[in-house]
Amino acid sequence: MESRGSDTGADEPAGDGGPDEAVRYLATAVADLGLIARRHGLETLGYLLDMAQLEAEEIVRLRATRDRH
């Protein structure tokens, strides 16, 4: 069970930086997984992970653009 931070003012687990931090973490993690997949000859899986990385990076970009306006 996840513990909830009572001082954050949000319904996020303690230590969770929210969706912005999550998507940045996921972009990095998926990139690392893609490298592992390709290193072991798993080309299709590597490709799919690359697509997930691109999607995460696009979300980061769109959120940053939205936050500036």
Side-chain angles (χ1 to χ4, degrees):
M1 177 177 261
E2 295 178 347
S3 63
R4 302 277 177 183
S6 58
D7 60 347
T8 63
D11 291 330
E12 296 176 354
D16 185 353
D20 291 336
E21 183 179 329
V23 75
R24 285 190 303 269
Y25 172 79
L26 289 167
T28 301
V30 170
D32 292 342
L33 292 171
L35 289 172
I36 293 168
R38 283 188 302 283
R39 186 178 303 137
H40 294 282
L42 305 167
E43 297 303 322
T44 301
L45 184 55
Y47 172 80
L48 292 171
L49 290 164
D50 288 345
M51 294 300 102
Q53 178 189 0
L54 290 173
E55 179 67 15
E57 289 171 347
E58 178 69 4
I59 293 168
V60 168
R61 188 186 66 75
L62 289 173
R63 292 178 77 87
T65 301
R66 180 202 65 201
D67 290 345
R68 280 187 249 146
H69 292 100

By salt bridge (charged side-chain N to carboxylate O under 4.0 Å, His left out) - contacts of Glu58 (at least two apart): Arg61
Val30 to Ala52 - nearest heavy-atom pair and separation: CG1-CB, 3.7 Å
To the nearest 0.5 Å, tell me how far Leu62 CG sits from Arg66 CZ. 9.5 Å
Members besides Leu54 in its Ile/Leu/Val/Met/Phe/Trp/Tyr cluster (side-chain heavy atoms under 4.5 Å): Tyr47, Leu48, Met51
In the hydrophobic clustering (ILVMFWY, side-chain contacts below 4.5 Å, transitive), which residues join Ile59, or is it alone? Val23, Val60
Reported CG-to-CD distance for the pair Leu26 and Gln53, which is rounded to 0.5 angstrom: 11.5 Å
For Leu35, the rest of its hydrophobic cluster, which grows through side-chain links under 4.5 angstrom: none
Using the test side chain to side chain contact (heavy atoms under 4.5 Å, CB included), find all partners of Arg68 that sit at least two apart in sequence or belong to another chain. Ala64, Thr65
Salt bridge (charged side-chain N to carboxylate O under 4.0 Å, His left out) contacts in which one or both residues fall within residues 30-41, not counting sequence neighbours: Arg38-Asp50
Does anything in residues 40-49 form a salt bridge (charged side-chain N to carboxylate O under 4.0 Å, His left out)? List the pairs, not counting sequence neighbours. none
